[in-house]
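Before any comments, here is the structure.
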Amino acid sequence: MVRIGEFAWAEMEPTEGRLDWEWLDGAISILADYNLKVVLGTPTATPPPWLTTAHPEVLPRDEHRRVSHAGSRRHYCPNSPVYQDYTRKIVTAMAKRYGDDARVIGWQTDNEFGCHDTGRCYCDVCLRRFRAWLQERYGSLDALNEAWGSVFWSALYSDWNEIPLPRAAPAEHNPSHVLDFHRFSSDSWRDYQQLQIDALRERISDRFITHNFTLFSSREVDGYDLAAPLDPVSWDNYHFHGTTPSILAAIHDVRWAMKSRNYWVMEQQVSNVTWAPYNPTFRPGEVGLKVWQGVPPGADGMVYFRWRAARLGAELYHSGLLNHGVRPTRGYAEASEIGQTLNKLVPMLEGSVPQAEVDLLQGYASRWSFDLQPHNRDSRDDEAFRRALMGPCEALWVRNVPVHILPACSDSDLSGYKAVIAPALNLLSSKGAEWLAAYVRHGGTLVVTARTGFKDERGQVPGPPPGHLPELMGVTAEEFDSLPPGRVNHVRFVEGATGSAPVSPWFEVLDPGAARSVAVYEDDYYAGRPAVTMRELGQGRAIYVGVLAGSDLYSLLLDWLLPLLDVGAALETRDGVEAMARVGPAGKVLFLLNHNRAPATVTLLEGTIDALTKEPMARQLELGPRDVRISTVGMDG
Ligand code: GLA
């Protein structure tokens, strides 16, 4: 299939009200001649010049109230009633034209909501809508002032019209105020997408509706919310300097968890991108690595981007399946081979899903709250939260232990997981704490880290950290120490796990009440004081990790915890070799990926069969650099 149309508004409607479908009809027909189906993107990420010229008020504004000008993409405010009107008209017109066209199998809303940091607009329409949103949320100014702690820095509001947007100001805004603005902004995109879905749904019968989430998009827009009315979810998988295989694996896991359903990759790069600081080409074998990495976590569709390298426009340096001379590239050759392999695998993969015994929790509001006040701002990376999440993720990934990354809300069913990890889940209401406590009471093992529950859902501190959790965790934090890059402490396990790991950058000095200290600090004035505690409640365990740490610490913890909980790995492999499986009615399909530039050896389980040749595989398997092998274990035929 081919996805088209997502930036083509100016061609669909060259001047206001004059619709031209001839070229699109032609394109769909040519594709149909080659037996290719179409996913149509609504074109709203690129408002045409006639629209922004006639209605400059649709353009978004930044924190300084400066206009984000036309001439690029994503230059619109989702709350603009004018833009919403035009959106409704173009989407409805497309749906009327192609809604029951059998060649169009699905629809994509817009393109990468939130991309280029466009998730928040500070225009006057947003200001009015924000005030209305607040009225709806709080009902009264007293309630709002109370929730925001407006008394601090003399910001008690006595009229709804006094409430500002958190525009550029001399110092920090009230974080509860900003947090609500972030929630409002995210809701605005959810509602804007819903407007498109409503226009489509009644005219496209059972065709699917998806949205292509951008790599880290959801920094500003709550991906779980956006995903709710979609099926399948899809995302754009771009790898660039600094993006590790474990980060991409974690994003795959988030995409599955958005609906607890398999999903698609709507854009899979085939070599270099155009927009990163450095843009290396894909080395031979890299397309396969990226494509096959997505199958075990639940990708059911892979669409390459781009078909042909562009000779015009902003992405001239972007790779394609065809090059600028319209000749097939290395990526094309790899993609063809992948396609042939996939055809053979389909019967084995039919109905299969990613299975996991460990869940990580993340919540967007928590993430915003965390990044709003990171309390440790490493200038190299303003995404403090991502580092906190990747500590445990990376350690699980290295161990080939599959995870799900469910939303941290009490609707998420945790009962099937042997362990649940809540890294830096900054906001936790008393209801949320009760939900986690119920999981532990029913025998679950909960690992929460520093900063989890530090604030309640309003963004206020309910008590000594960890907020509403001390009763469950049996511990409180006496002090928290935030050190600059390069300053590390060490944490040594004294019970359960063994060994010592360097940790940075955020340390809590713990006061274990009902909990036992299982690891202590080794350095500084709190040497010997608890860094990790554990409390057993019946069959359940509540483990508190008082540091924000990288994977070193989690490696020690998991080497103890995973066998204790009987959590299995897909296979044990050495560094940089990923082994993940998808399990379905036909059995288990195991994907072995060598992310290294050097060959690697893997010891397979007895009875492993090569999924393609159906031959038994030798116990010692040699994988070349960036090699992928696919096998089955315990599958008939
Ligand atoms: C995004 C967009 C595409 C294109 C690619 C380039 O994912 O959706 O339109 O800009 O990036 O890598």
Side-chain angles (χ1 to χ4, degrees), residues 1-12 27 38-48 68 70-76 78 106-119 189 192-193 196 209-221 223 226-227 230 232-243 247-248 251-252 254-255 263-282 286-287 290-291 294 299 301-324 329 331-332 335:
M1 51 66 60
V2 180
R3 181 205 53 180
I4 51 175
E6 76 277 17
F7 299 118
W9 195 338
E11 282 173 289
M12 294 175 189
V38 167
V39 170
L40 272 185
T42 65
T44 46
T46 43
S68 202
S72 174
R73 64 177 178 182
R74 301 225 57 76
H75 45 285
Y76 69 88
W107 293 73
Q108 174 188 296
T109 57
D110 203 286
N111 192 83
E112 294 191 335
F113 287 126
C115 183
H116 314 302
D117 293 332
T118 53
W189 290 105
Y192 176 72
Q193 174 177 257
Q196 299 208 5
I209 304 178
T210 189
H211 174 72
N212 60 331
F213 287 86
T214 186
L215 196 58
F216 297 121
S217 63
S218 336
R219 229 169 33 178
E220 293 180 343
V221 186
L226 266 186
L230 304 172
V233 156
S234 65
W235 74 288
D236 298 343
N237 185 6
Y238 289 103
H239 164 96
F240 54 95
H241 186 75
T243 316
I247 291 182
L248 295 179
I251 301 175
H252 276 293
V254 171
R255 299 307 173 217
Y263 58 89
W264 284 29
V265 171
M266 190 56 94
E267 294 180 21
Q268 172 55 59
Q269 93 198 79
V270 289
S271 191
N272 48 304
V273 294
T274 194
W275 41 263
Y278 316 102
N279 297 283
T281 54
F282 265 11
E286 229 171 323
V287 181
K290 295 296 178 295
V291 167
M302 283 283 172
V303 186
Y304 296 103
F305 186 93
R306 348 177 7 113
W307 167 239
R308 185 167 73 193
R311 294 204 211 172
L312 40 84
E315 296 182 338
L316 298 174
Y317 284 97
H318 205 287
S319 57
L321 287 166
L322 304 183
N323 65 19
H324 293 99
T329 57
Y332 183 98

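Atoms within a ligand are numbered from 1 in the order they appear, just like the ligands themselves. These figures come from a predicted structure and were not determined experimentally. Residue numbers count from 1 along this sequence.
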For ligand 1, which atoms sit closer than 4.0 Å to a heavy atom of Glu112?
1 (C), 2 (C), 7 (O), 8 (O)

My understanding is that we take every heavy atom of each candidate and find the minimum distance to atom 2 (C) of ligand 1. Doing that for His116, Arg3, Glu267, Met266, which one comes out nearest?
Glu267

So Tyr332 and Trp307, would you call those rings parallel, tilted or perpendicular, with 30° and 60° as cut-offs?
tilted

Of all protein heavy atoms, the one nearest atom 6 (C) of ligand 1 is His318 NE2, 3.2 Å

How many angstroms lie between CH2 in Trp107 and CD in Gln196, if you round to the nearest 0.5 Å?
10.5 Å

Check each heavy atom of Thr214 against ligand 1 and say whether those closer than 4.0 Å belong to the side chain, the backbone, both or neither.
neither

How far is atom 4 (C) of ligand 1 from its nearest protein heavy atom, and which residue and atom is that?
Glu315 OE2, 3.2 Å

Here the atoms of ligand 1 under 4.0 Å from any heavy atom belonging to Phe7 are 9 (O)

Please list, in number order, the atoms of ligand 1 under 4.0 Å from a heavy atom of Trp275.
6 (C), 12 (O)

Gap between atom CG of Leu40 and atom CD of Glu6 - 0.5 Å precision:
10.0 Å

In Å and rounded to the nearest 0.5 Å, what is the CG to CE distance from Asn237 to Met266?
13.5 Å

Would you mind checking if Glu112 and Arg74 are paired as a salt bridge, meaning a charged N to carboxylate O distance below 4.0 Å?
no

Ligand 1 contact on Gln269 by region, counting heavy-atom pairs under 4.0 Å
neither

Ring geometry between His252 and Tyr263 (parallel below 30°, tilted from 30 to 60°, perpendicular above 60°):
tilted

Backbone or side-chain N or O of Glu6 under 3.5 Å from ligand 1 N or O
no

Look at atom 9 (O) of ligand 1 and say which protein heavy atom is nearest, naming residue and atom and giving the distance to 0.1 Å.
Arg73 NH1, 2.9 Å

Parallel, tilted or perpendicular for Phe305 and Tyr238, by the 30°/60° rule?
perpendicular

